[in-house]
Amino acid sequence: MEAFSSHRGVVATLDRANVDTDQIIPKQFLKSIKRTGFGESLFFDWRYGDDGKPNPAFELNQPAFAGASILVTRNNFGCGSSREHAVWAVAQYGFKAVIAPWQDRNGSRVPGFADIFRNNCVKNGLLTIELSEAEVDQLFDWVERFPGVEATVDLEEQRVILHMDEEVAFHFDVDPVVKEHLIRGLDDIALTLEHEADITSFEQQHETQLHA
Amino acid sequence: MVGKTLFEKIWDKHVVKTMPDGTVLLYIDRHLVHEVTSPQAFEGLRMAKRAVRRPDLSFATMDHNVPTTTEDRMTIRDPISAAQVEALRTNCKEFGVNLYDLQSDHQGIVHIIGPEMGITVPGLTMVCGDSHTSTHGAFGTLAFGIGTSEVEHVLATQTLRQSKPKTFRVEFTGKLQKGVYSKDMILKLIGLIGTAGGTGYVIEYAGEAVRALSMEARMTICNMSIEGGARAGMIAPDDTTYEYIAAKDRPFAPKGEAFDRAVEYWRSLPSDPDAEFDRVLTIEADKIAPQVTWGTNPGMVVDVTDRVPDPHSVPGHSVKDVEQALAYMGLSPGTPMTEIPLDTIFIGSCTNARIEDLRTVSGIIKGRKKADSVRVIVVPGSQQVRKQAEAEGIDKVFIDAGAEWRHAGCSMCLGMNPDQLKPGERCASTSNRNFEGRQGKGGRTHLVSPEMAAAALLEGHFVDIRNWAA
């Protein structure tokens, strides 16, 4: 997997909450047996009209967002189906990072991304960043005022910097395990196989309860 | 020492190793595999020249793409679907994985055949490249969905690198009213906590109303944990669980002395009385009404006696999101839920296509005809369910009512096969997701219990089944 440290690119906004993986990549594209070719189908039903042409009303089709590589969206992004095809589509479209707000609901922190989606992102070197709702609101405001504005996502420093006449920066928290994983671009399976002897000895004492 | 939860007992028993970064290598007892999320994983193994570590613990079937009509089932016309199904065959053969192919009596939705064959028992760790893997938690097992990269990881190592999730106990007190079912319990919970309310947690469902449920009904609740954001939902095993497992025709379940020993172990699994949870919630089951979704996520749900909500009055959703949902659904605020005319009734999916679901629906509609305005599709969850239903004459009840009686598969739950809604069609569905386009582009889905779907297929619209006479 490609290592991630810092990335600068155009910011696009998608002002929708609870974007599920069925929207990110609809069912008809899950029939592929390959790991590539999903970028063109990202947000397919929203992005294209019935005539197959880009839908001008869809946010990401705005000319200012052409070539965008940082996506700012609303809470609970990537909910629903576990399909990793959704992450492949987001990454192959060209996004390197997705930003969504965590929420405070009755005193408990609700993450900005669905669990399985977030996990799948880590496996594919796609960075998910959670900011507060107020901070994400600010990002939406800035992008609306300066469409096509660029930002830098710095994973080492855990900062998002919006490049305007005056720079605006936001700090983000990140799971240290995820940070290490992305920065080093680790291959999980190879890492786990370094512990193969432990797996084998675990198996010798473990009851899998399978009777055939 | 503080007691342990059901989840913690299972988690602790499966830790191969704790890593310096605090994550653990968790051993996986069962890996279920289907055609959609596995081809890239097998390809990854092939490219790295790796084998499947424990093919004996891996079980595959095809369910998502499979046509459900007798004439189309064996020869899939869509060449891309056919290629994906064929890839599963090739991969299972090459890597030695158990496959329940289309000719098998055991083919069906992966989450239906696991419990049916005794692959699912209490105290396990189970995964599948499918978010509804949470279903198996109904047996008191830790079961959760994973992505394709993790599928490959499990195939290669029989383990997963995991951070420990938090625990969330949801207690349903009291007894359900007549006409209210487990589907209503889980929809009610999702309505309360929202579709992200359970993110980061494993939910344990407890309380009198949960204890009273059959295994089938428990599976419905655990199945939809993911719709509340929780990767896993669990219910402590009890005599209901053991009786289900002891039934004949569960080839992988322990038998005889092995069964007795297993039960002894399983009895140690329920959460200790002094176990602590990170979060708790109590819901009065006796106050729950039949639920119907009105929007485009499962948290957009109301009592059947309610009306389509005003965009300004939906907690946890922005006005814009509600307006978008209502526009997609073609609904106006203030419309009584019982006055929404339906075009299609879908009875199926890993949520509600077990034999008990079909028995209940057929019991309600027996001797009656569907409303003229609706098309009714009944898709058993597995070929075993289909066979059992036919042995009981349930197929005749459906056919006489004017319904289409199909073969097993995921079918119109997600429309990867030819079973899809047309744009604008409105469906009462026993499935799990009402996302935009889920059942077909432009299709409109209302999630309900099988009993609510049964009444709706006779009436052509929703009714409050608590005071409705067929």
Side-chain angles (χ1 to χ4, degrees), chain A residues 15-18 20-23 26-28 30-35 45-46 74-76 79-85 87-88 103 105 108-117 119-120 123-124 175-177 180 188-193 195-196 198-199 202-203 206-212, chain B residues 16-17 21-23 25 27 29 36-37 39-40 48 56-57 65 80-81 83-84 87 121 123-124 129-131 145-150 152-153 156-159 161 163 194-197 199-200 229 231 251-255 258 262 279 297 317-318 321 414-416 433 435-438 441:
Chain A
D15 189 10
R16 303 183 193 216
N18 300 302
D20 57 77
T21 54
D22 273 82
Q23 306 318 312
K27 58 183 127 288
Q28 61 270 35
L30 306 186
K31 297 178 183 182
S32 168
I33 56 173
K34 299 198 190 102
R35 228 184 162 102
D45 287 353
W46 289 342
R74 299 294 184 183
N75 56 291
N76 198 26
C79 60
S81 157
S82 62
R83 56 186 75 165
E84 195 162 317
H85 313 65
V87 174
W88 298 334
Q103 289 185 303
R105 210 159 169 184
S108 71
R109 183 180 162 131
V110 179
F113 296 91
D115 265 340
I116 304 177
F117 179 84
N119 221 17
N120 288 339
K123 310 292 177 199
N124 290 278
D175 179 342
V177 176
E180 162 94 0
D188 275 352
I189 297 178
L191 276 184
T192 297
L193 287 174
H195 305 280
E196 201 170 1
D198 295 300
I199 300 173
F202 178 91
E203 275 176 334
H206 180 70
E207 169 60 71
T208 61
Q209 302 194 57
L210 188 75
H211 301 261
Chain B
V16 173
K17 198 171 184 181
D21 63 13
T23 60
L25 205 55
Y27 197 77
D29 293 322
V36 178
T37 55
Q40 297 87 351
D56 58 320
L57 300 179
N65 277 282
I80 312 174
S81 284
Q84 195 166 52
V121 294
L124 305 175
D130 193 289
S131 62
I146 55 178
T148 298
S149 295
E150 288 185 317
E152 185 180 340
H153 193 283
T157 71
Q158 204 58 33
T159 66
R161 205 75 177 243
S163 299
T195 52
T199 305
R231 275 176 98 175
F252 294 100
K255 289 156 204 81
R279 188 175 164 194
N297 75 53
H317 289 96
S318 71
D321 283 341
L414 86 167
M416 270 191 82
R433 286 182 177 140
F435 298 151
E436 283 184 32
R438 172 80 179 178
K441 189 174 179 178

query = When only pairs under 4.5 Å are counted, which of Ser81(A), Pro26(A), Cys79(A) shares the most heavy-atom pairs with chain B?
reply =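 Of the candidates given, the most pairs with chain B belong to Ser81(A).
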Check: If you count heavy-atom pairs under 4.5 Å between each of Val177(A), Asp175(A), Val110(A) and chain B, which one has the most?
Finding: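 Looking at each of Val177(A), Asp175(A), Val110(A) in turn, Val177(A) comes out on top.
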Taking every heavy-atom pair that is under 4.5 Å apart, which of [options] has the most such pairs with chain A?
| options | answer |
| --- | --- |
| Ala156(B), Pro254(B), Gly145(B) | Pro254(B) |
| Ser149(B), Gly129(B), Ala196(B), Pro39(B) | Ser149(B) |
| Arg433(B), Arg161(B), Glu152(B), Arg279(B) | Arg433(B) |
| Ile80(B), Asp21(B), Thr199(B) | Thr199(B) |
| Gly437(B), Gly415(B), Gly123(B) | Gly415(B) |

Holding to salt bridge (Lys or Arg N to Asp or Glu O under 4.0 Å), I want the full list of residues that pass it with Arg105(A), two or more places apart in sequence or in another chain.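 Expected list: none.
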- prompt: Salt-bridged, Lys17(B) to Asp198(A), with N to O below 4.0 Å?
  reply: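 Result for this pair is yes, salt bridge flagged.
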Does this structure show an ion pair linking Asp188(A) with Lys123(A), if we count only N-O contacts that are shorter than 4.0 Å?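 Salt bridge: yes.
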Under a 3.5 Å distance rule, please check whether Glu84(A) uses its side chain to pair with a backbone N or O of Ile146(B) as donor and acceptor.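 Checked: no pair found.
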| task | Taking Lys255(B) for its side chain and Pro251(B) for its backbone only, find out whether a donor-acceptor pair lies under 3.5 Å. | result |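 Between the backbone of Pro251(B) and the side chain of Lys255(B) there is a qualifying donor-acceptor contact (under 3.5 Å).
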